[in-house]
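Excluded from the calculations below are hydrogen atoms, water molecules and symmetry mates; all remaining heavy atoms, backbone and side chain alike, are included. Reminder, nothing fancy here: chain letters follow the sequence lines and each chain counts from 1.
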Amino acid sequence: MLNIPMLPALAKDVVEKVTKDYTIGNGYDWNEASLVTFSGLTIVFGMLVLLVVVIMVFGGIMDRINGVKKEKPVKAPKATPAPVSTAPVVTAAEDSDEIIAVIAAAVDAMYEGSGVKPVIRRIKPAATKGVRSPWAAAGVFENTRAF
Amino acid sequence: MGAFLDTIKEIFANSGFAGFFDFENGGHLNLIMVAVSCVLMYLAIKKQFEPLLLLPIAFGMLLANLPFAGIYHPELFDLQSGLNFGEILHEGGLLDILYLGVKLGIYPPLIFLGIGCMTDFGPLISNPKSFLLGAAAQMGIFIAFVGALAFGMSAQVAGSIGIIGGADGPTAIYVTSQLAPDKLGPIAVAAYSYMALIPVIQPPIMKLLTTKIERMVRMEQLRTVSRTEKIIFPILVTIIVSLLLPDAATLVGMLMLGNLMRECGVVDRISKTAQNELMNIITIFLGLSVGATTNGKTFLTVDTLVIVAMGLAAFCCGTAGGVLLGKLMYILTKGKVNPLIGSAGVSAVPMAARVSQKVGQQYDPGNFLLMHAMGPNVAGVIGSAVAAGILLTMIPH
């Protein structure tokens, strides 16, 4: 059974033992430890702050360049949200115009900024029997890749 | 008959089973490590705790602790006598040769190459303030460094323990292989185990340090980042970080090379190789090599307990640091930044970002924080590489 009146003396003994016996090894002292800690934190923050500034400046430059392009209405690319094909799009009978519009918008978003003008020629349902859905496949890939 | 029995006895005396009972040479410790390796394999396979690395590590541990197998010889890598490559090649086993990739600091940068190929820095570029959250989460590294020193560890070991707080396996292995290679086994096992436990460790800390209103903050949609920005970003970061901190150049440089290969779009073939075949090969070699260093005599010590405890402290402090800076940003931006994304500043991509998303959705199902959290998450990778460079620069080795 613990002798409760002895506990403060016991605790003091443990603290003394830890601070006296567990000293930093290999000639390293607390001054150097403090230097590493504060310098390390300062350098990490400083370097990343510098990166923040550089990227914000760079982002501003890129926004300005893109903004200049948008101000030229004649040369600006037509803001067609969907890649439209002159050829009739072959679709399954049950596909509605709304679904086609959504698919076209998604394809356009994928190719945005690449300079490529995609053309949709055919829309058909993907095989589902015995095949994992794209969402499930994406989830499996995401959870099983390294890191 | 007598000769037959003597032969049987001799075979048994020279077998690994007898080796387990060689108490003078720590045979019983090898037996315990075999049991530990089986537990880790169970965690990797059944519970899926970072299986891609934990399984090879656990099996390397098993192979290295089978007596008389001669697969790994730690005496060949004795620091005091220096590396004798000729002896390693002539006398070494399979894992001795593979371990050279760890010892010479080759594997972790190659893994960073693959990570760079798989990482999208778009959320970070569109919201550069995320860098600050990535920096704050590295606080755990230095707090654990001081804590390990207080426990009587040398500066080299303390630095290796501290880097666990960066939640970056390759970085932890890279730093430890330079500073304290004899502690590589326990540090790697601790680092990857805690990375797998992020969904368990982080949420209580996040909820403790934030209010319900803060957790429900919906952030503004991120701006679109152009391909040009994504191409120039890795080049800029490499130049700036490498010039300011040369010791971080290896890790940051390879990370950014991988990212450049991904974003430029003209080297798709080698980008795919880096993130698939190369990554898988290096993962196998690295895991096996690291596991092989977990010899019973070096692993089953009080130091390992300190490593485990301080590693957990590093993780917790890193999470807290990121969340606290997130709270400060919430105040300064008048409620535009959700503090939960600060916890994603630890480098465990994308697990930590997913945890932010999950905790945020518990309070607001329509709140999608994942992409916002990816910014600090990938910033943490850069931050931990910078912190590693600082430790390698400032701690003598």
Side-chain angles (χ1 to χ4, degrees), chain A residues 15 17-67 69 109 111-116 138-147, chain B residues 48 52-53 111 114-115 118 124-126 128-132 134-136 138-139 141-143 145-146 149-159 169-170 223-229 232-233 236-237 240-241 244-245 275 279-280 283 348-350 379 382-383 386-387 390-391 394-396:
Chain A
V15 168
K17 186 177 168 53
V18 167
T19 52
K20 185 182 169 187
D21 291 353
Y22 286 96
T23 52
I24 303 176
N26 294 348
Y28 208 72
D29 61 9
W30 284 108
N31 288 332
E32 279 201 65
S34 305
L35 181 67
V36 169
T37 304
F38 289 115
S39 304
L41 279 170
T42 305
I43 294 171
V44 167
F45 265 97
M47 190 162 303
L48 296 189
V49 165
L50 176 62
L51 286 173
V52 170
V53 170
V54 167
I55 291 165
M56 285 176 88
V57 167
F58 178 65
I61 293 170
M62 291 304 299
D63 283 345
R64 190 167 281 192
I65 291 171
N66 291 334
K69 280 185 184 170
Y111 285 93
E112 187 183 345
S114 67
V116 173
V140 169
F141 174 77
E142 192 69 22
N143 282 297
T144 54
R145 70 176 184 185
F147 310 103
Chain B
Q48 298 192 26
L52 287 166
L53 260 151
I111 286 191
I115 291 174
M118 293 193 288
L124 177 61
I125 299 169
S126 64
K129 294 189 288 296
S130 303
F131 264 121
L132 300 177
Q138 310 313 315
M139 198 184 297
I141 294 176
F142 297 97
I143 292 175
F145 171 71
V146 172
L149 287 174
F151 270 100
M153 301 290 180
S154 65
Q156 290 77 13
V157 175
R223 71 174 178 92
T224 308
V225 177
S226 68
R227 188 164 162 252
T228 309
E229 288 179 271
I232 294 183
F233 173 80
L236 264 181
V237 170
I240 292 171
V241 173
L244 287 173
L245 198 63
Q275 56 185 295
M279 190 79 148
N280 293 337
T283 299
V349 182
I382 301 173
V386 169
I390 292 165
L391 291 173
M394 300 192 75
I395 297 175

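Taking a 6.0 Å sphere around CE of A/M62, one finds it holds more than 12 heavy atoms contributed by other residues, nucleotides or ligands.
Under the side chain to side chain donor-acceptor pair (under 3.5 Å) criterion, B/R223 pairs with B/E229, not counting sequence neighbours. B/F233 is linked by a ring-ring contact (aromatic ring centres under 6.0 Å, His included) to B/F121, counting only residues two or more places apart in sequence or in another chain.
Of all the listed residues (B/G383, B/S126, B/G159, B/P128), the one sharing the greatest number of non-hydrogen pairs under 4.5 Å with chain A is B/P128. Interface check for chain A: of the options B/L236, B/I125, B/T224, B/I232, the most heavy-atom pairs under 4.5 Å are formed by B/I232.
At a 4.5 Å heavy-atom cutoff, the contact between A/L35 and chain B is made by backbone and side-chain atoms alike. Interface residue B/I240: only side-chain heavy atoms are found under 4.5 Å from chain A. For a residue to count as touching a neighbouring chain, one of its non-hydrogen atoms must lie under 4.5 Å from one of that chain's; by this rule B/A158 does not touch chain A.
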Evaluation steps, side chain to side chain contact (heavy atoms under 4.5 Å, CB included), between B/T228 and A/I65: CA-CA 11 Å; B/T228 309; A/I65 291 171; over 6 Å; no

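Note that CE of B/M394 and CD1 of A/I43 are 6.0 Å apart. Values are rounded to the nearest 0.5 Å.
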